[in-house]
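The block underneath contains the structure these notes are about, expressed in structure tokens.
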Protein chains: 2
Amino acid sequence: MAEPTLTISDRIQQELDRLTRAERQLAHSILENYPASGLGPLTALAEAANVSTPTVARMVQKLGFKGYPEFQNELREELKAKAKNPIAKHDTWTEGAPSGHVLNRFTDAVINNIRHTLGQIEPETFDRACALIADTAHPLYIVGGRITHTMAEYLFLHAQIIRPRVTHIQSTSNAWPHYLLDVGEGDVFVIFDVRRYENNTLKLAEMAHARGAKIILFTDQWRSPVHSLADICFSSRIVAPSAWDSAAATLLLVESVISSMQDINWADTKDRAERLEEMFDQTRLFRKFT
Amino acid sequence: MAEPTLTISDRIQQELDRLTRAERQLAHSILENYPASGLGPLTALAEAANVSTPTVARMVQKLGFKGYPEFQNELREELKAKAKNPIAKHDTWTEGAPSGHVLNRFTDAVINNIRHTLGQIEPETFDRACALIADTAHPLYIVGGRITHTMAEYLFLHAQIIRPRVTHIQSTSNAWPHYLLDVGEGDVFVIFDVRRYENNTLKLAEMAHARGAKIILFTDQWRSPVHSLADICFSSRIVAPSAWDSAAATLLLVESVISSMQDINWADTKDRAERLEEMFDQTRLFRKFT
DNA sequence: ACGGCGTTGTAATAAATTTGACATTATTCT
DNA sequence: AGAATAATGTCAAATTTATTACAACGCCGT
């Protein structure tokens with residue numbers, strides 16, 4: 001990476017005058033639909049430009065590449081960079097920190113995770129999931145594992161305000177079988193399971209499934225075995241520059257679900273939230289807002 | 001060109017269920033930086049995905065292509081089409097969703113929050129906080145409130161692996177005063193308090209402060225009253241297009257702290273993590289990785 | 001108009017990539 | 001637990017692709 005901010009396209013345009021007739025013809029053909037045409041085989045490019053193959057080979061060498069494959073390689077790198085760029089246009093997030101600082105490295109990874117995660121979600125599926133979760137006609141069960149129970153609880157704490165009949169189950173607790181006694185056809189389960197996938201969670205999902213419950217699964221890119229039982233499955237990217245994974249993308253999804261639920265059940269929510277406020281005031285749990 | 005509006009990326013995601021382990025691995029690798037990686041030689045793609053070359057060949061056939069070259073050809077066609085389309089439709093996060101969809105609105109807000117939050121943090125302060133949290137010479141207490149205890153617990157679950165003498169206190173539980181009995185000079189408190197700020201949390205912070213403990217506070221942009229007692233204070237932006245706030249930026253900070261702690265205590269962590277793995281294996285809590 | 005030089009194309013060679021056959025390993029079902 | 005089946009990898013053959021050598025063409029100056 002010796003040339004940082006000089007694309008191949010730039011370089012070609014710069015050289016345009018110094019090029020010969022056939023080469024210019026070729027150059028225009030490359031720029032015509034850049035960079036796609038340059039990523040095909042040399043022969044195809046030559047044909048499209050109506051020049052011979054050696055002309056192509058010679059020109060890429062003139063541009064300073066060892067050969068056509070190297071030329072293509074840089075084109076692909078450009079493409080990668082471009083794909084990342086519009087989102088992560090900050091080379092550093094925290095000013096004054098070297099780009100290698102944990103904060104910057106981690107933030108990059110998280111933003112990337114978010115981008116990939118969102119890219120894989122079909123809005124219809126998401127809306128369907130929210131509708132299920134918000135549907136007060138059926139009880140809602142929220143299930144988390146050893147680490148993920150924090151996400152489960154986060155969802156639970158909000159869902160609890162928005163709608164009635166919500167239960168939080170920890171699959172690592174040994175009390176979970178009791179909860180399943182009452183589960184019936186059409187009940188909704190939101191299950192969190194990221195690697196390392198937990199046996200209890202799978203068992204729980206199997207039992208819920210057997211009783212006719214709908215399952216909405218939040219997992220990672222490799223997908224928990226629960227996914228074969230799930231009606232809807234969201235997989236978040238969780239890779240991070242760390243020995244542990246990042247739950248940030250998952251949290252984003254959860255918060256979006258909460259927001260969407262709230263919109264669906266607004267009439268109810270408003271009422272419930274107000275009653276909750278009152279109760280908080282009475283318990284003096286919170287200070288009055290400044 | 002029989003498939004009009006169905007990109008290869010779409011098709012791969014659609015088929016994801018029908019694919020086998022190695023193929024899924026490969027699929028993710030292709031989607032990782034799409035479409036650049038798919039435009040290189042088959043060998044390179046296989047290597048990047050850690051699968052054998054025939055696996056790649058087989059999968060592209062499974063996707064309905066005669067061979068790898070034809071697959072690449074369609075990728076290039078897609079690229080051309082995208083380049084021609086002047087509407088850069090990538091101002092949305094989830095393709096196919098209107099920009100007003102919850103997912104897009106929420107994601108925008110979260111990314112913005114992250115930007116603002118990170119922009120306010122001085123790397124030195126962050127490093128100082130991590131050093132304190134990682135310092136095994138003093139016990140570490142982690143405190144959360146009604147909602148924030150999920151963040152607190154997330155930190156706790158990881159800190160627990162990385163170092164000894166970590167305690168999680170819920171300020172909303174009535175057991176917290178007991179924990180404070182043993183607190184002494186130099187003990188470290190990580191406290192989470194976002195609006196609505198909780199009385200219990202403030203009381204707890206006051207007592208800890210009185211006993212000479214160091215306080216690291218995670219709060220929001222308006223800053224909890226605890227901040228006057230805190231040695232270090234991180235304020236995250238938490239605004240979201242929702243009746244509730246977003247914890248995503250806070251989580252990002254927490255995860256960065258975890259990552260940094262781990263680097264500081266690496267020697268210990270490795271050992272502790274290994275012992276933990278053993279115990280997990282013995283309890284059969286998790287399934288063996290597929 | 002002719003010789004020289006730079007440019008371009010043809011064809012053969014060399015290198016690489018892709019594909020297919022087979023052995024090995026993992027997984028599923030009984 | 002073991003047999004059957006599917007999945008995956010290794011290796012070699014075949015095809016495609018890039019490169020090189022060389023011949024032909026056109027252009028320009030004298």
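Letters A, B, ... are given to chains in the order of the sequence lines, protein chains preceding strands, and every chain is numbered from 1.
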Check: A:Asp220/A:Tyr197 side-chain N/O donor and acceptor closer than 3.5 Å: yes
Distance in angstrom units between A:Glu70 CD and D:dA18 P, rounded: 14 Å
A:Arg223 with B:Asp17: basic N within carboxylate O range, under 4.0 Å: yes
Footprint string (nucleotides 3-14 of chain D, 5' to 3'): B base within contact, S backbone only, - free, heavy atoms under 4.0 Å: ----SBBB----
Whole angstrom value for the distance that separates C1' of C:dT17 from OH of A:Tyr68: 15 Å
Side-chain donor or acceptor of A:Glu255 paired with backbone N/O of A:Leu252 under 3.5 Å: no
Under-4.0 Å salt bridge between B:Glu32 and A:Arg237: yes
Between B:Tyr154 and A:Glu153, a side-chain donor and acceptor under 3.5 Å: no
Lys/Arg N to Asp/Glu carboxylate O, B:Glu23 vs B:Lys62, below 4.0 Å: yes
Euclidean distance, atom CG of residue A:Leu19 to atom C1' of C:dT8 [Å, nearest integer]: 14 Å
For atom CG of B:Asn73 and atom C1' of C:dT18, their distance in whole Å: 15 Å
Salt-bridge criterion met for A:Asp245 and A:Arg195 (N-O under 4.0 Å): yes
Distance, rounded to the nearest Å, where B:Arg24 contributes CZ and C:dT27 contributes P: 12 Å
side-chain hydrogen bond (donor to acceptor under 3.5 Å, both in side chains) between A:Gln221 and A:His116, worked out: CA-CA 10 Å; A:Gln221 57 196 129; A:His116 272 95; over 6 Å; no
Inter-end axis angle, the helix from C:dA1-D:dT30 to C:dT30-D:dA1, with every axis fitted to five base pairs (rounded, 10 degrees): 30°
Below 4.0 Å: OP1/OP2 of C:dG20 and any side-chain N or O of B:Gln61: yes
Atom pair distance, as rounded to whole Å: CG in B:Leu45 and C1' in C:dT18: 13 Å
Pairing of B:Glu74 and B:Arg11 as salt bridge, 4.0 angstrom limit: yes
Nucleotide D:dT16, atom P - distance to CZ of B:Phe71 in whole Å: 19 Å
B:Gln25 CD to C:dA26 C1', straight-line distance once rounded to whole Å: 14 Å
